[in-house]
Amino acid sequence: MGTHNQVGYRGSQKKLLNLKEQTYLIIANHKTMSRSSIKKSLIVILGPTASGKSELAVKLARKFNGEVVSADSRQVYKGMDIGTGKITKKEMQGIPHYLLNVASPKRRFTVVQYRKLALKAIDKIFKKNKIPILCGGSGFYIQAVVDGIFLPEVRPDWRLRKELEKKTAEELFAQLKKLDPQRAKTIEPKNKRRLIRALEIVKKIGRVPILEKKPLPYPVLMIGIKKEKKELSSLIRERLLKRLRKGMIAEVKKLRKSGLSWKRLEEFGLEYRWVARFLQKKLSYQEMLEKLQKETEHFAKRQLTWFKSDERIHWIKTYEEAKNLVKNFLLGRVGGEKPSVSCHISAK
RNA sequence: GCCGCGGUAGCUCAGUGGUAGAGCAUAUAGCUGAAAACUAUAGGGGCGUGAGUUCGAUUCUCACCCGCGGCA
């Protein structure tokens with residue numbers, strides 16, 4: 001858990017905020033919300049899968065002169081469209097979208113790359129005097145941008161990882177404990193993937209540095225789409241059937257043909273994992289449907305677990321609510337009871 | 001009707017003469033360069049029914065009930 005609080009951020013941010021608020025007040029007074037006077041700020045749309053994030057983002061972008069930056073760890077890949085529910089040209093309604101199709105599925109894309117590209121995109125949008133809308137369901141990616149997590153400059157070493165993969169979690173944990181007891185204290189002792197990464201860092205730079213965070217220097221409004229569990233489950237079902245009708249299985253076949261291994265498809269999870277298993281005749285069509293439904297519901301639950309602890313998020317049910325939030329946010333008086341910006345960890 | 005196999009957690013099944021386990025499901029949580037990935041925690045069972053053997057039976061014996069397969 002985040003025990004290492006950076007109280008320092010709070011203070012400096014507050015100062016920043018006050019300055020901003022004043023600016024906004026002036027704008028509000030003059031009732032001149034013209035493009036050129038909009039100050040830097042970021043809107044984040046998040047929520048569980050199938051909750052309707054993309055649509056909301058486009059609507060808000062049209063209303064408030066914004067552009068969308070995707071925060072989806074799978075939509076960054078080219079050729080993965082139907083299975084990831086990537087927005088279509090038509091659905092974009094002329095609103096530019098960034099961070100879609102920026103990577104080849106043959107290579108592994110990571111948060112660090114995402115963060116760099118996303119910040120670049122956001123900057124580009126600011127230069128056009130527009131409002132960036134970060135939209136997606138990958139909590140880690142959103143956090144990387146908004147809280148500015150700084151991960152150690154150690155690139156993945158796949159050869160080393162393959163070596164370490166052979167060991168058991170117990171062995172890896174023991175090794176880490178010896179080399180970096182500090183990190184060993186907080187790591188999940190049975191999570192091989194994390195243990196391997198930690199050792200990778202240790203072997204390169206001695207120890208895993210304490211996580212650094214540098215929140216964005218401008219206000220952020222986080223909006224979460226709230227859905228009842230039952231409704232979400234039926235949304236997932238409908239969407240799944242729609243994807244199949246649109247040719248999701250053919251898409252996976254095509255990816256396979258383009259040279260992706262079954263193992264790689266497995267890694268993508270959900271639609272790609274289960275369609276791949278179906279294509280390998282490891283289960284029936286019906287079983288695939290059932291599995292996919294369940295797994296997607298689980299995924300949605302995991303997403304909510306991730307977002308739940310973040311008190312900055314304003315949970316909404318309708319477009320109207322979102323619209324009002326954004327309006328007030330841009331006027332500098334967003335939800336008085338809730339700080340629009342606060343340090344993620346200190347909120348815990 | 002006869003023969004065989006089976007009846008254990010919501011489901012699929014392990015298992016033992018000293019009152020039970022796994023996977024999945026359900027609920028909950030974590031997350032330091034794979035995050036749709038990866039990892040963990042919890043609840044839940046008169047072991048088909050009745051009798052017998054035994055200090056003790058879910059485990060052995062018998063009868064019965066139910067399911068599946070074969071023979072008639």
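Order of the sequence lines fixes the chain letters, A, B, ..., with proteins taken first and strands second; residue numbering starts at 1 for each chain.
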First of A:F109 and A:K192 reached from the 5' end of RNA chain B, by closest nucleotide:
A:F109

Interatomic distance at P, B:C13 relative to B:C65, whole Å:
24 Å

Applying a 4.0 Å non-hydrogen cut-off, can you work out what A:F150 is touching in the nucleic acid: base, sugar-phosphate, or nothing?
nothing

Pick base, sugar-phosphate or nothing for A:R273, based on heavy-atom distances below 4.0 Å to the nucleic acid.
sugar-phosphate

Test item: A:E200 side-chain N/O and A:V154 main-chain N/O as donor-acceptor pair under 3.5 Å
no

Can you tell me the pairing partner of B:A34 across any strand shown, Watson-Crick or G-U wobble, with both distances under 3.5 angstrom?
none

Does B:A37 have its OP1 or OP2 closer than 4.0 Å to a side-chain nitrogen or oxygen of A:R302?
yes

Counting only side-chain heavy atoms from C-beta out, which of B:C38, B:G30, B:G33 sits nearest to A:R193?
B:C38

So A:K308, base contact, sugar-phosphate only, or nothing? Heavy-atom distance under 4.0 Å.
sugar-phosphate

If the P atom of B:G52 is compared with that of B:U41, how far apart are they to the nearest Å?
44 Å

Can you tell me the pairing partner of B:G43 across any strand shown, Watson-Crick or G-U wobble, with both distances under 3.5 angstrom?
none

How many whole angstroms separate atom NZ of A:K185 from atom P of B:C31?
17 Å

Rounded to whole angstroms, how far apart are CZ on A:R107 and P on B:A34?
14 Å

Without hydrogens or angle criteria, can the side chains of A:E171 and A:Q175 be said to hold a donor-acceptor pair below 3.5 Å?
no

Could you work out which one of B:G30, B:A35, B:U32 sits closest to the side chain of A:Y77?
B:A35

Salt bridge A:E266-A:R277, side-chain N to carboxylate O under 4.0 Å:
yes

Can you tell me which nucleotide in B:U32, B:A35, B:A29 comes closest to the side chain of A:T305?
B:A29

Using Watson-Crick geometry (N1-N3 plus N6-O4 or O6-N4) or G-U wobble (N1-O2, O6-N3), each under 3.5 Å, B:U16 is paired with none

Please pick, from B:U32, B:G33, B:U39, the nucleotide with the shortest atom-to-atom distance to any side-chain atom of A:N191.
B:U39

Under 4.0 Å between a side-chain N or O of A:R108 and OP1 or OP2 of B:A37?
no

Contact class for A:P189 (heavy atom, under 4.0 Å): base, sugar-phosphate, or nothing?
nothing

Starting from C1' on B:A29, measure out to CD1 on A:I187 and report it in whole angstrom.
17 Å

Which nucleotide in the list B:U39, B:A34, B:U32 gets nearest to the side chain of A:L151?
B:U32

Closest to the A:K190 side chain, choosing from B:U39, B:G33, B:A34
B:U39

Sugar-phosphate, base or nothing in reach of A:G139, heavy atoms under 4.0 Å
nothing

What's the closest nucleotide to the side chain of A:L270 if the choices are B:G33, B:A37, B:G30?
B:A37

Taking for each residue the nucleotide of RNA chain B with the nearest heavy atom, is it A:H298 or A:Q303 whose nucleotide lies nearer the 5' end?
A:H298

Once you apply the 3.5 Å cut-off to both distances, tell me the Watson-Crick or G-U wobble partner of B:G10, or none.
B:C24

Of the listed nucleotides B:A25, B:A34, B:U32, the one nearest the side chain of A:K294
B:A25

Base, sugar-phosphate alone, or nothing: which one does A:Y114 contact when heavy atoms must sit under 4.0 Å apart?
nothing

Give a yes or no on whether the backbone of A:G137 and the side-chain of A:Q303 come within a donor-acceptor separation of less than 3.5 Å.
yes

State which of B:U39, B:U32, B:A29 makes the closest approach to the side chain of A:K301.
B:A29

Could you check how far CH2 of A:W306 sits from P of B:A37, rounded to whole Å?
14 Å

What nucleotide among B:G33, B:A27, B:U32 has an atom nearest to a side-chain atom of A:K229?
B:A27

Whether the side chain of A:R207 engages the backbone of A:D180 through a donor-acceptor N/O pair (distance < 3.5 Å, no angle test) should be reported.
no

Say we look at B:G48 and B:U32: how far apart would their P atoms be, to the nearest angstrom?
46 Å

State whether A:F299 and A:R74 meet the cation-pi test: NZ (Lys) or CZ (Arg) under 6.0 Å from the six-membered ring centroid, and within 45° of the perpendicular axis.
no

In whole Å, I'd like the distance from the CD atom of A:E297 to the C1' atom of B:A25.
12 Å

Answer yes or no: is there an ion pair linking A:K323 with A:E320, defined by an N-O contact shorter than 4.0 Å?
yes

From CG of A:L265 across to P of B:A37 the rounded distance in Å is 14 Å

Testing the 3.5 Å rule here: is there a donor-acceptor pair between the side chains of A:T296 and A:R239?
no

Is A:E200 touching bases, backbone alone, or none of the nucleic acid, heavy atoms closer than 4.0 Å?
nothing

Rounded to whole Å, how long is the line connecting atom CG of A:L46 with atom C1' of B:A35?
15 Å

Which whole number of Å gives the distance between the C1' atom of B:U58 and that of B:G18?
12 Å

Look through every strand shown and name the nucleotide pairing with B:C64 as Watson-Crick or G-U wobble, where both distances are under 3.5 Å.
B:G48

Any base atoms under 4.0 Å from A:T84, or only sugar-phosphate, or nothing? Heavy atoms, all strands.
base

Pairing partner of B:G56 (Watson-Crick or G-U wobble, both distances under 3.5 Å)
none

For A:E267 and A:Y272, test the side chains for any donor-to-acceptor distance below 3.5 angstrom and give the result as yes or no.
no

Report the distance from atom CD of A:E290 to atom P of B:C11, rounded to the nearest whole Å.
16 Å

Between B:G21 and B:C55, how far apart are the C1' atoms? Round to whole Å, please.
27 Å

N-glycosidic conformation, B:G46 - syn within 90 degrees of 0, else anti
syn

Pick the C1' atom in B:C66 and in B:U49, then give their distance to the nearest Å.
10 Å

B:U8 and B:U16, which share atom name C1', separated by this distance in whole Å
12 Å

A:R159/A:D157 salt bridge by N-O under 4.0 Å criterion
no

Can you find a side chain N or O atom of A:R197 that sits less than 4.0 Å from OP1 or OP2 on B:G33?
yes

I'd like the C1' distance from B:U54 over to B:U19, given in whole Å.
15 Å

Does B:G69 have a Watson-Crick or wobble partner in any strand here, with both distances under 3.5 angstrom, and which is it?
B:C3

